[in-house]
Amino acid sequence: MNTPSSSSPAEALRRSRREKLQRIVELGHDPWGHRLQGRLPIGEIRAMESQIQKVSTPEGEEEQGPKVLAAGRIMLQRKAGKLIFIDIRDWTGKIQLLVGKRQVGEKHWALAQCLDLGDLIAAQGELKHTRTGELSIFVKNLWIMSKALEPPPEKHHGLTDPELRQRLRYLDLIYTPGVMERFQRRTAIVKAIRRTLDQRGYVEVEGPTLQTIAGGAAARPFETFHNALGIPLYLRIALELHLKRLLVGGMERVYELGRVYRNEGISPRHNPEFTMLEAYEAYGDYHTMMDLTEQLVLAALEATGQGPKVQWGDAVIDFTPPFQRATYDELFAQHAGVDPGDEAAVAQVAQRLGIPTQDRHPDVIKNEVFEELVEPKLTGPVFVLDYPASICPLTKRKRDNPQVAERFELFIQGMEVANAYTELNDPDLQEQLFRTQLAGLPPEESMARMDHDFIRALRYGMPPAGGLGIGVDRLTMLLTGAESIREVILFPLLRPEKPGQATSAANPPEA
RNA sequence: GAGGCUGUAGCUCAGGUGGUAGAGCAACGGACUUUUAAUCCGUAGGUCCGGGGUUCGAGUCCCCGCAGCCUCACCA
């Protein structure tokens, strides 16, 4: 069709498959398959092994097994003259097919000659053992379900190049051991989170992802433009401010589980779009959310079918509850070796670390020291409690100490996994904090962007509440042994593939 | 944005100090009715990421660029 007489080896491989496709059509088979009725998952078929019976015949003892219909992808093929062994796999398991020329007849045998690694096929026959004891389907009928026109990766090593694994994730799922399982675990984790919140009486909602003010966090947003309205819009960087509006609106337990977008760097722990859970509970506080966090993490852990001790890289994470709780200042003193109340001493440490101290708020300096010296030591799981109020513009202060905010973060392996507050519901203080945060900062870098409608909402009365955010991707990393966030995101952001780029396994995208 | 590492057949990889590019898998042809990463015989397959440069000669050395990974920066 669009293939000129190219003689590259990749073309030769594709041509061979195209020729077989043609042959399949000529033989009267539909190379693109059709609905299958009565097909069983391979896992279930394997479980039928016990139904195989030995019967006596004039020729001796023979096996008699159930008739089954299976479908799957051809992973391996062994040809032995007029006999072909084909290993097919679906997402429940793998099984061997035995195709014999005498047993299947001409038309099916001719079809079998046109099969390649990677094709999707269906086979129907008797479930029995081969001479060497391998559970197999002794094929009577054979269909092709989908002809693979591209050659699959190497059959024992699969794909190893991380770039190819991410760009061709469908192949990664098929051929890299553990990838399918990891993403299924991710789904199980997300389901467990939903189940836990639903059981606790929460409602799930969907807030806007296109916003005129991207608030609720200190991150650079992606910008876009609405043509009909003629206004700039931003992709959300947090779920917070709209969920709190819903608290005002009377949704007393509310959560959203969805994507947020941050226009920042990419690293093994950062992807520009990631999945966040935020949950708000009226008449709770950050202690309420601490209990909830522990419950959610344990539910997620259980959903992955693991015990309390999880291997992650060289480390073992012990999720045995209750998780350790320690205050920000305690941990600061312990790991930074400085009295957190001694501003001069803290500034000195900061300077030693190369953290600028000129004209900066002491709490900001202190927090950067914390991030530098304390966070990497927090192998956790550990709840860090009571942050300096000045770095928490959306958080209620402690009743007996306005310098301290009722906030905690959960750290595991030096990673911030959860962040929670007793939510600030005083509209005047909230407005004031927005303004002081804004003072002298370009709007892009403000820690909290002024959102007048949000302040107005607070003026109508928001119940005191606990609020929680959990980074679902990071939690999934920790619970599935993934050391890069790209291993738990199906399609992480990559630079676009250039036409003709040498790293492309298959046809480059059309120009 | 900075630094380090990597890029060789469709895939997985090898190619000391510069001398006209190799293996396994996959493909193609042949043998084989109980294989298990099947085996055996044979054939074909290359923009060595791209572009410059040094050299009689570059996969190899130098410069510029592209992409990926890692570290850092950014990041409540």
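Order of the sequence lines fixes the chain letters, A, B, ..., with proteins taken first and strands second; residue numbering starts at 1 for each chain. Reckoned from all heavy atoms, side chains included, excluding hydrogens, waters and symmetry mates.
For B:G3, the paired base is B:C70 (Watson-Crick or G-U wobble, both distances below 3.5 Å). Across all strands shown, B:A58 forms no Watson-Crick or G-U wobble pair with both key distances under 3.5 Å. Remark: B:G18 base-pairs with no nucleotide in the shown strands. Criterion, Watson-Crick or G-U wobble with two distances under 3.5 Å.
As rounded to the nearest Å, B:C41 and B:G46 have P atoms that lie 24 Å from one another. If you take atom P in B:C25 and the same atom in B:U20, they sit 26 Å apart, rounded to whole Å. Nucleotides B:G16 and B:C28, compared at atom C1', are 36 Å apart to the nearest Å. Nucleotides B:C49 and B:A2, compared at atom C1', are 23 Å apart to the nearest Å. Taking atom C1' in both B:G22 and B:G45, one finds a spacing of 13 Å when rounded to whole Å. Between B:A23 and B:C64, the distance separating the two C1' atoms is 34 Å to the nearest Å. If you take atom P in B:G68 and the same atom in B:C74, they sit 22 Å apart, rounded to whole Å. For the P atoms, the distance linking B:A44 with B:A21 amounts to 16 Å, nearest Å.
Looking at residues two or more places apart in sequence or on another chain, you find a side chain to side chain contact (heavy atoms under 4.5 Å, CB included) between A:Glu63 and A:Ile52, A:Lys54, A:Lys128, A:His129. The side chain to side chain donor-acceptor pair (under 3.5 Å) test applied to A:Tyr175 returns no partner, not counting sequence neighbours. Residues that satisfy the side chain to side chain donor-acceptor pair (under 3.5 Å) test with A:Arg495, not counting sequence neighbours, are absent from this structure. Shown here are the side chain to side chain contact (heavy atoms under 4.5 Å, CB included) partners of A:Leu235, two or more places apart in sequence or in another chain: A:Leu210, A:Phe222, A:Tyr261. Checked against side chain to side chain donor-acceptor pair (under 3.5 Å), A:Gln22 has no partners two or more places apart in sequence or in another chain. Residues that satisfy the salt bridge (Lys or Arg N to Asp or Glu O under 4.0 Å) test with A:Glu134, not counting sequence neighbours, are absent from this structure.
Residue A:Phe370 is out of contact with every strand shown, counting any heavy-atom pair closer than 4.0 Å. Within 4.0 Å (heavy atoms only), A:Leu98 reaches at least one base atom of the nucleic acid.
Between A:Arg89 and the choices A:Ile74, A:Ile95, A:Ile174, the side chain to side chain contact (heavy atoms under 4.5 Å, CB included) rule is met once, by A:Ile174.
Residue A:Arg165 contributes atom CZ, which lies 15 Å from atom C1' of B:C11 at whole-angstrom precision.
At a cut-off of 3.5 angstrom, counting only N and O atoms as typed in the model, there is no donor on one side facing an acceptor on the other between the side-chain of A:His157 and the base of B:C11. No hydrogens or angles were tested; on distance alone, a donor-acceptor pair under 3.5 Å links the side chain of A:Gln96 to the base of B:U35. A donor and an acceptor atom never sit less than 3.5 Å apart when one is taken from the side chain of A:Arg131 and the other from the base of B:U34. The base of B:U35 lies close enough to the side chain of A:Thr130 for a donor and an acceptor atom to sit less than 3.5 Å apart.
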Can you give me every donor-acceptor pair (side chain of residues 374-382 of chain A, partner residue at least two apart or in another chain, under 3.5 Å) with its distance?
none

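For the pair A:Arg407 and A:Tyr421, the cation-pi criterion (under 6.0 Å, within 45° of the ring axis) is not fulfilled.
Residue A:Arg78 places at least one side-chain N or O closer than 4.0 Å to OP1 or OP2 of B:A38. Side-chain nitrogen and oxygen atoms of A:Arg102 include none within less than 4.0 Å of the OP1 or OP2 phosphate oxygen of B:U33. At B:C75, none of the side-chain N or O atoms of A:Arg220 fall inside 4.0 Å of OP1 or OP2 (strictly under the cut-off).
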Which pairs, protein N/O on one side and nucleotides 70-73 of chain B N/O on the other, fall under 3.5 Å?
unit_1	atom_1	unit_2	atom_2	d
B:C70	OP2	A:Arg486	NH1	3.1

What protein N or O atoms touch nucleotides 25-29 of chain B N or O atoms at under 3.5 angstrom, if any, and at what distances?
unit_1	atom_1	unit_2	atom_2	d
B:C25	O3'	A:Lys155	NZ	3.2
B:A26	OP1	A:Lys155	NZ	2.5
B:A27	O3'	A:Ser16	OG	3.2
B:C28	OP1	A:Ser16	OG	3.2
B:C28	OP1	A:Lys20	NZ	2.6

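Between A:Gly215 and A:Ala238, the shortest heavy-atom contact is O-CB, 3.7 Å.
Using a 4.0 Å cut-off between charged side-chain N and carboxylate O, A:Arg73 and A:Asp119 make no salt bridge.
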